[in-house]
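Here is the naming used below: chain letters follow the sequence lines, and residue numbers restart at 1 for every chain.
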Amino acid sequence: MEIVKTDIAIIGAGGAGLRAAIALAEADPKLRIALISKVYPMRSHTCAAEGGAAGVIKSDDSMALHFGDTVGGGDWLSDQDAVEYFIQEAPKELTQLEHWGCPWSREPDGSVAVRPFGGMKIKRTWFAADKSGFHILHTLFQTSLKYPSIQRFDEYYATDLLVEDGRCQGLTALEIRSGQMKQFQAKAVIIAAGGGGKMFPFTTNGNIKTGDGMALAYRAGTPLKDMEFVQYHPTGLPNNGILLTEGCRGEGGVLFNKDGRRYLQDYGMGPETPIGQPVLKTMELGPRDRLSQAFWGEQKKGNTVSTPWGDCVLLDMRHLGEKKIDERLPLVRDLCISYLGKDPVKEPIPIRPVVHYMMGGIHTDTRAATRLPGLFAAGECACVSINGANRLGSNSLTELLVFGKRAALSAIEHIQSGLPDGKGAALAAQAQASEARISALMNKSNGTETIAGLRKEMMDTMETNVGIYRTGSELATACDKISELRQRYANIALHDKTHVYNTDLMQALELGSMLDCAEAVTVGARDRKESRGAHQRLDFTERDDVNLLKHTLTHYHPTDPPRVEYLDVVITQSQPGVRDYSGAKK
Amino acid sequence: MAKSNKPIFWGLFAAGGTVTAFVTPALALVTLFAAMRYSPDMFTYEVIHAFAANWLGKLVIFGIIFLSLWHAAHRTRVTVHDFGVRADGLVAIVVYALAGIGTLLTLVYLLHI
Amino acid sequence: MSERQIQLEVLRYNPETDSEPRYQTYSVPCMNEWVVLDALNYVKEHLDPTLSYRWSCHMAVCGSCGMMINGEPKLACKAFIHEYTDQIRVDPMANFPIERDLVTSVEDFIAKLASVKPYLIPKEDKPISAGEFKQTPAELKKFKQYTLCINCMLCYAACPQYGLVPEFLGPAAISMAHRYNQDSRDGGRDQRQEVIATDTGVWECSFVGACSEVCPKHVDPAGALQQVKVASTIDWYKEHLMPWMKK
Amino acid sequence: MNKPYVRPLSKTSWFLTQTRYKRYMAREVTCLFIFAYTFLLVWGLKRLSEGPDAFNAFVQALGSPLGVLFNLVVLIAAVYHSTSWFNVTPQAMPIQRGEEFVPGKIIVGAHYALWAVASLIVLVLGV
Ligand SMILES: Cc1cc2nc3c(=O)[nH]c(=O)nc-3n(C[C@H](O)[C@H](O)[C@H](O)COP(=O)(O)OP(=O)(O)OC[C@H]3O[C@@H](n4cnc5c(N)ncnc54)[C@H](O)[C@@H]3O)c2cc1C
Ligand code: SF4
Ligand code: F3S
Ligand code: FES
């Protein structure tokens with residue numbers, strides 16, 4: 001097996017991975033950096049982010065306000081020391097991107113423009129029309145081309161971490177193009193492999209978001225945190241889950257039920273604000289969890305519109321007018337016309353909540369370090385946690401930057417701490433075991449389970465039992481089912497025996513990752529007997545700050561369900577309070 | 001890779017393309033009328049000669065012919081390439097030589113008028 | 001949501017068993033609102049798990065699903081079934097070597113993109129603490145269109161000059177250089193000219209215009225390339241006829 | 001093992017594979033006619049410099065069926081060249097006024113208008 005020797009290996013070349021790579025290259029041009037990604041960097045799902053990235057820059061804003069919005073939005077499950085660090089770094093990182101050429105939208109005087117976003121009290125979301133993530137990703141990717149020390153391994157699928165002497169010393173990866181396994185020996189590894197929304201059938205997430213990074217760390221023995229918090233975005237296209245950015249509502253779009261009522265006022269987010277004059281943190285500018293829950297309420301009351309793709313409510317943007325829509329939301333218009341055949345300039349768009357983001361992920365501290373020395377994580381796959389029980393829109397893109405860089409700096413500190421040389425033979429043995437696992441998977445001919453079949457059962461389970469509102473019995477069913485699917489996974493059949501670009505094999509590996517993550521989600525949800533943020537239980541409707549102002553940590557077990565541990569939330573300034581999204585009252 | 005010297009020719013090509021786009025159809029129409037004897041007293045020696053005898057006229061005629069030649073020459077070079085002939089150096093010499101000769105002759109004739 | 005039976009004719013190539021590509025036809029029940037990518041996914045899930053192709057976002061933004069659909073370079077996730085008859089032919093992107101099935105090798109494009117220095121080379125140094133560079137909406141608009149490129153390479157699949165002369169830098173790479181050249185914050189044009197104003201750079205383009213016709217993001221690379229030619233020509237004449245103008 | 005397959009592309013007949021390539025080649029080939037026509041003009045100039053008889057003989061020769069046909073073909077080619085040239089000018093030379101770009105249609109329209117004026121002048125002078 002070919003060995004690639006490097007100083008720091010990064011798994012994932014989305015927003016977080018690229019930011020980390022650039023930070024490493026800038027910190028020390030002599031560092032050897034291996035940037036490993038299963039897709040070409042600009043294909044990473046950061047490209048799909050539309051709305052924008054939050055950071056305090058305008059004079060009417062303050063760090064304290066961003067802090068308050070984030071912690072309240074996260075239903076006090078956020079670690080406040082992490083949030084403090086995050087909001088301090090946010091404007092610097094967004095300005096840094098500007099210096100790298102990101103085409104942020106501008107005010108007439110040439111300064112960067114900001115837009116309102118759900119759950120934010122002040123306009124503080126930097127945006128590049130409605131293609132913010134796309135521009136961030138391409139700016140980072142293109143900037144990374146400046147640094148010769150960043151060696152890219154595009155279309156390499158990371159399969160296992162190498163852990164020896166209690167620290168992470170590299171990984172194995174499959175070169176997809178050739179089907180060959182490669183061993184990467186590194187003094188530190190940063191995982192930035194994105195989220196895992198694909199374990200649900202109806203999601204804004206791309207095909208590549210299969211929780212690989214989380215599963216890699218999890219299997220290597222470092223716990224996953226708060227996995228039960230899965231964010232639904234309230235405005236997805238009903239037929240395929242394509243996201244209509246929160247910017248739609250930020251710019252003044254409103255939500256109606258089938259009777260033409262602005263129903264959000266019936267869910268504690270009123271009073272109704274005049275059309276075309278959105279008020280921050282009120283009505284349509286409430287947070288995602290509340291809006292998605294309100295949809296569920298309307299559906300139960302029979303107030304939704306039925307469409308060929310299921311029950312919907314209507315997002316009306318007509319009053320914004322063609323000019324504003326074309327300037328601020330061109331992609332949204334294009335997506336509605338192309339994929340639904342409806343023009344938001346002319347008619348309201350049917351929408352429904354869709355799985356969007358995972359608040360949980362690899363447990364890291366404020367330094368982006370995991371519990372495994374030498375292993376760091378950043379981006380959606382990590383859980384620092386700044387997002388707590390519910391992420392505010394536009395905090396994630398910023399998080400990629402802030403903690404991508406942080407992970408890089410921590411990794412450098414780690415390798416400068418005087419590490420002993422790795423034991424080549426031991427690492428090679430692990431790498432060989434990893435290779436053997438893959439080739440066994442590929443060569444098995446007597447499997448009876450199909451990838452597509454198991455995947456569908458997993459998705460159905462997650463959708464029916466682990467949705468916006470959950471109950472103990474459904475969650476118990478889900479836990480059993482996922483655990484069963486994990487057993488059956490061992491009996492999977494692979495039809496494609498070709499080494500070159502074997503997507504069948506990739507899907508099998510991805511399914512493995514998703515099942516591991518799904519188990520952490522279901523077990524975490526079953527055991528969290530309260531309602532907080534995105535985790536709402538019909539059998540425990542209240543938030544329980546006495547017993548559960550805590551993070552869930554799930555520990556992997558190869559055959560059994562995970563072991564669950566709880567960890568106190570870090571509170572520095574803000575004691576749990578009431579989340580108030582009826583700002584218009586005051 | 002050094003910067004190309006194609007701009008010399010491309011500049012002429014572009015200027016020529018614009019000039020021919022504006023005047024060649026009309027010119028062709030005039031000569032077509034003349035060829036078809038559309039009207040006996042058009043395109044007469046006297047009128048044309050008077051035009052070409054004057055310095056401004058000479059300049060206009062030279063400008064049109066010069067730019068048209070170089071426009072056509074450069075595009076011919078590309079077109080020959082597009083038809084699969086890969087001897088670009090040789091083709092370039094031939095077409096630019098043709099345009100050069102045409103330019104020279106035009107100058108000579110104009111000075112004789 | 002009507003359903004139609006579509007005959008999907010896909011070019012297959014397995015480098016380990018085939019000496020050359022061949023077509024394979026799948027009969028796929030398609031919803032009318034589907035895109036060709038949905039049909040391929042149907043094949044992969046239900047008919048033939050060995051079919052290989054790239055995709056991710058399903059919303060025409062990641063740029064991975066470029067292929068030839070009825071001979072036309074398209075994003076499979078933006079090729080609507082209802083725009084086709086019941087017979088659809090799918091080929092890997094033209095002008096690129098086929099790695100396997102619908103997967104092509106794109107290293108050449110990536111290397112070319114990297115070669116044009118597609119990043120901001122700032123006119124002036126400015127520390128982060130001094131805040132952002134000012135840029136008016138008009139200055140932004142000047143290059144905005146060229147930032148929309150998703151690197152899908154459909155323009156390369158459409159450009160015959162790239163097919164005929166593989167060394168050609170090609171539409172998207174040169175447009176990206178132009179994007180930075182046009183940015184009011186940038187001062188790197190001279191460096192990029194060294195790469196793009198060459199014989200295998202912009203001068204290989206004969207303004208076929210196919211690139212802009214197929215570009216799913218309306219980047220108009222053909223326009224960008226002509227603008228680069230105009231600017232390079234002005235450079236040349238300035239340099240040679242008015243040497244005193246040189247910096 | 002990797003064995004990328006390169007599809008053959010004919011260097012001499014590639015342009016037959018797509019309509020847009022045929023349109024392109026038609027546009028490129030106009031230059032041959034413009035080339036030839038310009039030489040005709042040079043020839044005419046020579047005859048003009050040789051005096052009225054020579055010039056009249058030249059005009060006479062133009063009138064042959066071949067001459068008429070040639071002029072006709074050139075006319076068609078030249079018109080095709082003009083339209084294909086003007087239609088793409090906004091791409092090559094966009095004009096930004098304030099924040100917005102002048103719509104391509106206006107730039108193309110202006111060229112067509114100017115074309116009409118130029119043609120009129122040539123016709124008035126020539127006829
Ligand atoms: C449609 C949509 C809109 C959004 N809009 C916003 C918004 O407006 N504002 C906001 O703040 N957030 C938004 N988000 C959330 C945000 O975009 C994501 O959380 C963020 O982009 C994730 O970035 P990342 O770098 O962590 O991962 P990604 O960009 O997903 O990148 C993951 C990387 O990991 C690699 N990878 C994964 N597995 C492996 C493996 N096994 N081996 C090797 N490489 C691997 C992939 O190739 C990829 O390069 C949005 C999300 C979606 C889906
Ligand atoms: S210019 Fe257009 S066609 Fe070419 S790569 Fe970019 S987006 Fe794709
Ligand atoms: S198709 Fe090719 S030749 Fe030029 S205008 Fe576009 S790059
Ligand atoms: S799947 Fe992303 S562009 Fe088609």
Side-chain angles (χ1 to χ4, degrees), chain C residues 11 13-21 68 71-73 91-101 103-105 107 136-145 158-166 182 206-214 220-231, chain D residues 1-35 77-78 80-111 114:
Chain C
L11 194 71
Y13 172 65
N14 182 333
E16 288 165 27
T17 54
D18 301 341
S19 58
E20 57 179 45
M68 310 296 284
E72 179 78 359
D91 284 90
M93 263 194 298
N95 298 337
F96 291 94
I98 308 175
E99 202 65 71
R100 171 173 182 190
D101 296 345
V103 177
T104 51
S105 3
E107 280 306 317
T136 63
E139 287 168 330
L140 173 64
K141 189 114 190 190
K142 191 160 181 224
F143 67 91
K144 187 68 200 271
Q145 178 185 2
C159 175
Q161 302 302 2
Y162 176 64
L164 294 167
V165 184
Q182 298 285 90
S206 58
F207 204 175
V208 177
C211 50
S212 291
E213 284 172 39
V214 304
D220 191 10
L225 268 64
Q226 307 325 302
Q227 292 163 38
V228 170
K229 288 184 197 169
V230 172
Chain D
M1 273 303 96
N2 293 91
K3 197 179 70 185
Y5 183 85
V6 179
R7 284 161 285 178
L9 180 66
S10 162
K11 290 214 179 338
T12 49
S13 62
W14 58 271
F15 47 87
L16 298 176
T17 58
Q18 283 193 24
T19 340
R20 63 163 70 90
Y21 297 164
K22 288 183 203 155
R23 256 190 286 131
Y24 159 77
M25 279 306 249
R27 182 190 88 188
E28 295 297 286
V29 165
T30 58
C31 72
L32 297 179
F33 297 96
I34 288 174
F35 217 170
Y80 189 67
H81 163 69
S82 303
T83 51
S84 63
W85 192 269
F86 294 142
N87 290 344
V88 297
T89 38
Q91 284 177 279
M93 305 228 190
I95 303 169
Q96 192 180 17
R97 282 276 167 93
E99 194 180 328
E100 299 303 321
F101 279 91
V102 177
K105 277 189 216 124
I106 292 186
I107 299 180
V108 175
H111 275 88
L114 212 64

Which atoms of Asp18(C) come close to chain D, meaning under 4.5 Å heavy atom to heavy atom: side chain ones, backbone ones, both, or neither?
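Contact with chain D: backbone only.
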Chain D contact via Thr136(C) - which portion, at a heavy-atom distance below 4.5 Å
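Contact with chain D is absent: no heavy atom of Thr136(C) under 4.5 Å.
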Contact leader toward chain D among Lys229(C), Met93(C), Gln226(C), where contacts are heavy-atom pairs under 4.5 Å:
Met93(C)
Choice from Val230(C), Asp220(C), Thr104(C) maximising heavy atom contacts with chain D below 4.5 Å
Asp220(C)
Measuring from atom [atom1] of [X] to atom [atom2] of [Y], what distance do you get when rounded to the nearest 0.5 angstrom?
{"X": "Lys142(C)", "Y": "Gln96(D)", "atom1": "NZ", "atom2": "CD", "answer": "7.0 Å"}
{"X": "Gln18(D)", "Y": "Glu72(C)", "atom1": "CD", "atom2": "CD", "answer": "6.0 Å"}
{"X": "Trp14(D)", "Y": "Gln161(C)", "atom1": "CH2", "atom2": "CD", "answer": "5.5 Å"}
{"X": "Glu16(C)", "Y": "Asn2(D)", "atom1": "CD", "atom2": "CG", "answer": "8.0 Å"}
{"X": "Thr17(C)", "Y": "Lys3(D)", "atom1": "OG1", "atom2": "NZ", "answer": "8.0 Å"}

Lys/Arg N to Asp/Glu carboxylate O, Glu20(C) vs Arg7(D), below 4.0 Å:
no
Considering non-hydrogen atoms only, spot the tightest contact between Pro4(D) and Glu99(C) and give its length.
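Looks like CG-OE2, 3.8 Å.
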So, for Ser206(C) and Tyr24(D), which heavy atoms are closest and what is the spacing to 0.1 Å?
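Closest pair (atom of Ser206(C), atom of Tyr24(D), distance): OG-OH, 2.7 Å.
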Are the side chains of Gln227(C) and Pro94(D) in contact, using a 4.5 Å heavy-atom criterion?
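They are in side-chain contact.
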Are Val6(D) and Ile98(C) close enough that some pair of their side-chain heavy atoms sits under 4.5 Å apart?
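With C-beta onward as the side chain, the pair stays apart.
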In sequence, state the C-alpha distance, the side-chain angles, and the governing distance for Gln91(D) and Leu225(C), and then conclude on side chain to side chain contact (heavy atoms under 4.5 Å, CB included).
CA-CA 9 Å; Gln91(D) 284 177 279; Leu225(C) 268 64; over 6 Å; no
Relative to chain C, which of Pro90(D), Gly98(D), Ala92(D) shows the most heavy atom pairs under 4.5 Å?
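Of the options given, most contacts go to Ala92(D).
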Select one option (side chain, backbone, both, neither) describing which atoms of [X] are under 4.5 Å from chain C's heavy atoms.
{"X": "Thr17(D)", "result": "neither"}
{"X": "Tyr5(D)", "result": "both"}
{"X": "Phe15(D)", "result": "neither"}

Stacked cation flag Arg27(D) on Phe207(C), 6.0 angstrom / 45 deg
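Because its charged atom sits under 6.0 Å from the ring centre and within 45° of the axis, Arg27(D) does stack over Phe207(C).
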